[in-house]
Engineer: 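Supplied in structure tokens, the structure appears directly below.
Every chain is numbered from 1 and lettered A, B, ... according to where its sequence line falls, protein lines coming before strand lines. Here the structure is a predicted model, which is why all the values come from computation and not from measurement.
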Amino acid sequence: MLRVIGGLLSGMFFGAGLALSGMINPAKVTAFLDLAGDWDPSLAFVMLGAVATTALGYRLAFRRGRPFFDGQFSLPTRKDLDFELILGATIFGLGWGIGGYCPGPALAGLGFGARETVVFVAAMLVGMAAARGMARFIAPPANLSA
Amino acid sequence: MPVTHDKVETLEPSRTGNAPSGAGIAKGYSVEHFTPIASLAGGVLIGLAATFLMGLNGRIAGVSGIAAGLMSLHGHATDWAWRLAFVAGIIATPPLLKIAGFVMPPVTFVAPIPVMGMAGVLVGFGTVVGGGCTSGHGVCGIARLSMRSIVATTVFMIAGFGTVFLLRHAF
């Protein structure tokens, strides 16, 4: 139950941040990606604020030794660079550039009910399920979250 | 939390006026204005969200991984519940803020619905294969100085820049 509260609290701040930052607007995201056009550097400020705050917040969190609502931190341990990482990131970047949505902003925009957003999120879940289905054939099930 | 946004418009989704051309992407789009303060503040909120999920649940706030985990049939039920709560928080909060009177940024789409579907499949597939998205790799991974995340973020940024360049300027 406590972990549900942790997830909800984090999700609420995440949604508020995505809305305030402007990232729920695909045109703003693609304006950032359009270096050769009318470039809008705002997203660099989102990343700066998010990475700096997370880096500081993680240091505080790790200093405690364990999370409040769980026995241990669940952190990715892989260090190697593999083909899937590069291939997946490339495919993701392609879709990001086409639609102007990455997963967070698409979910944060879902509540406003635009058909574009609903279709994008549904298609995104299909793509995720397809990748997980393929991974089960190629390799044993692994924790795929970053 | 005062949400002062540079643009005061409604959140009625607006579609680009120009007819789709080239790969089906409408080339015309409203010129967006630079919003450094709001974007920086939004980023700080995202960083707080990531901090809470790590400090409370001990988890990386990677939206793609958490959302994809909801579709897992062999996961732990307790994992499923906090993931659902996290996703519900992301989805519900922006409309609730709007109802509460906060001004939301305008939403303008850059691609018609069928193309958004295609983009969604690519984003979903790519983030699962690559093990993360803008949040898991771009924010949390870089904050941990993870080499995999730094490489992944560099690659998807370059792919995003390249894709928009090709769609807008190459044809």
Engineer: So do Phe34(B) and Pro41(A) actually touch side chain to side chain, heavy atoms under 4.5 Å?
Structural biologist: yes
Engineer: With Leu33(A), which residues qualify under side chain to side chain contact (heavy atoms under 4.5 Å, CB included), at least two apart?
Structural biologist: Val29(A), Trp96(A), Phe161(B), Val164(B)
Engineer: Given the options Ile5(A), Leu18(A), Leu60(A), Leu43(A), which has more heavy-atom pairs under 4.5 Å with chain B than any of the others?
Structural biologist: Leu18(A)
Engineer: Counting heavy-atom pairs under 4.5 Å to chain B, which of Ile91(A), Ile86(A), Leu85(A), Thr90(A) comes out on top?
Structural biologist: Leu85(A)
Engineer: If you count heavy-atom pairs under 4.5 Å between each of Gly100(A), Ala44(A), Gly111(A) and chain B, which one has the most?
Structural biologist: Gly111(A)
Engineer: Sort out for me which of Thr153(B), Leu48(B), Ile142(B) touches chain A most, counting heavy-atom pairs under 4.5 Å.
Structural biologist: Leu48(B)
Engineer: If you define the side chain from C-beta out and look only at heavy atoms, does anything of Arg148(B) sit under 4.5 Å from Asp82(A)?
Structural biologist: yes
Engineer: One thing to verify: whether Arg168(B) and Asp38(A) come together as a salt bridge, which I'm taking to mean a side-chain N less than 4.0 angstrom from a carboxylate O.
Structural biologist: no
Engineer: With respect to chain A, which residue among Gly42(B), Gly120(B), Gly126(B), Ala88(B) yields the maximal number of heavy-atom pairs within a distance under 4.5 Å?
Structural biologist: Gly120(B)
Engineer: Between Phe86(B) and Arg59(B), is there a side-chain heavy-atom distance shorter than 4.5 Å?
Structural biologist: no
Engineer: Most heavy-atom pairs under 4.5 angstrom with chain A, which of Ser146(B), Ala92(B), Ser64(B)?
Structural biologist: Ser64(B)
Engineer: Heavy-atom pairs under 4.5 Å with chain B - which of Ala130(A), Gly57(A), Ala50(A) has more of them than the others?
Structural biologist: Ala50(A)
Engineer: Let me confirm one number: the SG-CD1 distance from Cys140(B) to Ile46(B), rounded to the nearest 0.5 Å.
Structural biologist: 10.0 Å
Engineer: At a 4.5 Å cut-off on heavy atoms, which part of Ser39(B) comes close to chain A: side chain, backbone, both, or neither?
Structural biologist: both
Engineer: Given the options Gly109(A), Pro26(A), Ala55(A), Ala52(A), which has more heavy-atom pairs under 4.5 Å with chain B than any of the others?
Structural biologist: Pro26(A)
Engineer: Could you have a look at Val63(B), Leu56(B), Thr51(B) and say which one has the most heavy-atom pairs with chain A under 4.5 angstrom?
Structural biologist: Leu56(B)
Engineer: Counting only heavy atoms not in Arg59(A), do more than 12 sit closer than 6.0 Å to its CZ atom?
Structural biologist: no
Engineer: Tell me, out of Val123(B), Thr134(B), Val151(B), who's got the most heavy-atom pairs with chain A below 4.5 Å.
Structural biologist: Val123(B)
Engineer: Please state whether the side chain, the backbone, both or neither of Phe83(A) comes within less than 4.5 Å of a heavy atom of chain B.
Structural biologist: neither
Engineer: Of the listed residues (Leu87(A), Leu75(A), Val118(A), Val126(A)), which shares the most heavy-atom pairs with chain B below a 4.5 Å separation?
Structural biologist: Leu75(A)
Engineer: Find the one option among Ile91(B), Ile158(B), Leu84(B) whose heavy-atom pairs under 4.5 Å with chain A are most numerous.
Structural biologist: Ile91(B)
Engineer: How many angstroms lie between CZ in Arg64(A) and CZ in Arg66(A), if you round to the nearest 0.5 Å?
Structural biologist: 5.5 Å
Engineer: Within the 4.5 Å heavy-atom criterion, are Phe32(A) and Met157(B) side-chain neighbours or not?
Structural biologist: yes
